[in-house]
Amino acid sequence: MPKEKYNFFDDVFEVAKLIPKGRVTTYGAIAVYLGTRISARMVGWAINAAATEKDVPAHRVVNRAGLLTGKHHFGGNIMQNLLEGENIKIENDKVRNFTELFWDPSKELNI
DNA sequence: CCCCTGACGGGCG
DNA sequence: TCGCCCGCCAGGG
């Protein structure tokens, strides 16, 4: 508990909360926003833990292809259901109009 | 210390 | 867009 080794966990956690409703982002975009020092894989690892322990809209985070890679971890079609509840169309486990719905933190937040 | 795995991404064809 | 290969970093056995 004295050691805060999960610093980047919290970083991903904050960024994920900033994702606007009805928008999606990618693991790589978050990694770049945090400084590239962490790989996109670590972002997925972190967001997984964050979503489990915190209330993070992890369903708005998909891979670069717009594929709902984490849907299996949500269980059933929970992830797809949440996205469709935000007017995001899902087709064949992929986000429809992904490029338009894509929300880049380092571009939109400009930090 | 070594090896494998993982919600990934980029390059190439 | 898809398939294949490689680099990325941390954790578990």
Side-chain angles (χ1 to χ4, degrees):
Chain A
M1 159 283 215
K3 296 180 181 178
E4 302 179 25
K5 51 187 295 187
Y6 295 89
N7 187 353
F8 87 106
F9 264 53
D10 205 45
D11 292 336
V12 176
F13 170 73
E14 291 184 53
V15 177
K17 289 195 305 182
L18 296 176
I19 304 173
K21 180 174 174 289
R23 291 293 199 95
V24 293
T25 190
T26 67
Y27 307 95
I30 297 176
V32 173
Y33 171 75
L34 295 179
T36 340
R37 42 198 157 170
I38 61 177
S39 63
R41 262 199 173 135
M42 295 299 95
V43 177
W45 178 54
I47 222 117
N48 179 23
T52 311
E53 301 184 27
K54 313 274 189 178
D55 293 315
V56 179
H59 59 279
R60 293 178 188 155
V61 184
V62 295
N63 73 340
R64 67 176 177 106
L67 185 68
L68 280 59
T69 50
K71 130 178 184 166
H72 194 71
H73 291 258
F74 271 80
N77 59 337
I78 302 297
M79 188 176 185
Q80 178 175 336
N81 190 22
L82 289 170
L83 289 171
E84 288 181 330
E86 299 181 0
N87 259 320
I88 299 177
K89 305 294 189 293
I90 305 299
E91 187 169 288
N92 198 13
D93 295 339
K94 289 181 307 191
V95 178
R96 189 103 149 148
N97 299 330
F98 169 65
T99 51
E100 294 183 19
L101 296 176
F102 176 60
W103 180 82
D104 191 346
S106 36
K107 194 168 186 176
E108 301 294 325
L109 294 177
N110 187 23
I111 300 178

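When atom types are taken as modelled, the side chain of A:Arg64 and the backbone of A:Gly28 share no donor-acceptor pair closer than 3.5 angstrom. Counting only distance, with no hydrogens or angles, the side chain of A:Tyr27 and the backbone of A:Val61 share a donor-acceptor pair below 3.5 Å.
Closest heavy-atom contact between A:His59 and A:Met79: O-CE, 3.4 Å.
The nearest whole Å value for the distance from the NE2 atom in A:His73 to the P atom in B:dC8 is 8 Å. Straight-line distance from the CZ atom of A:Arg64 to the C1' atom of C:dG7: 14 Å, rounded to whole Å. At whole-Å resolution of the value, NZ in A:Lys94 and C1' in B:dA7 are 18 Å apart. Nucleotide B:dA7 holds its P atom 19 Å from the CD atom of A:Gln80, rounded to whole Å. Rounded to whole Å, atom P of B:dG6 lies 11 Å from atom NE2 of A:His72. B:dA7 atom C1' lies 13 Å from atom CG of A:Leu83, rounded to whole Å. A straight line from CZ of A:Phe74 to P of B:dA7 spans 13 Å, rounded to a whole angstrom. At whole-Å resolution of the value, CG in A:Asn77 and C1' in B:dA7 are 17 Å apart.
Here the options are A:Ile47, A:Ile38, A:Asp11, the test is side chain to side chain contact (heavy atoms under 4.5 Å, CB included), and the partner is A:Ile30; only A:Ile47 passes.
Across C:dG11, C:dC9, B:dA7, the shortest atom-to-atom separation from the side chain of A:Ser39 is found for C:dC9. Among the nucleotides B:dG9, C:dG11, C:dC2, the one closest to the side chain of A:Thr26 is B:dG9. Distances from the side chain of A:Arg41 to the nucleotides C:dA10, B:dG9, B:dC8 place B:dC8 closest. With B:dA7, C:dC9, B:dG9 as the choices, the nucleotide that has an atom nearest any side-chain atom of A:Asn63 turns out to be B:dG9. With distances taken from any side-chain atom of A:Trp45 to the nucleotides C:dC2, C:dA10, B:dA7, the minimum falls on C:dA10.
Applying the 4.0 Å criterion to OP1 and OP2 of B:dC8, one finds that A:Thr69 has a side-chain N or O inside that range.
As judged by a 4.0 angstrom heavy-atom cut-off over every strand, A:Asn48 is placed among the base-contacting residues. No contact: A:Ala31 has no heavy atom under 4.0 Å from any strand.
Nucleotide C:dG7: paired with B:dC8 (Watson-Crick or G-U wobble, both distances less than 3.5 Å).
Taking the charged nitrogens against the carboxylate oxygens, A:Arg23 and A:Glu108 have no contact shorter than 4.0 Å, which rules out a salt bridge.
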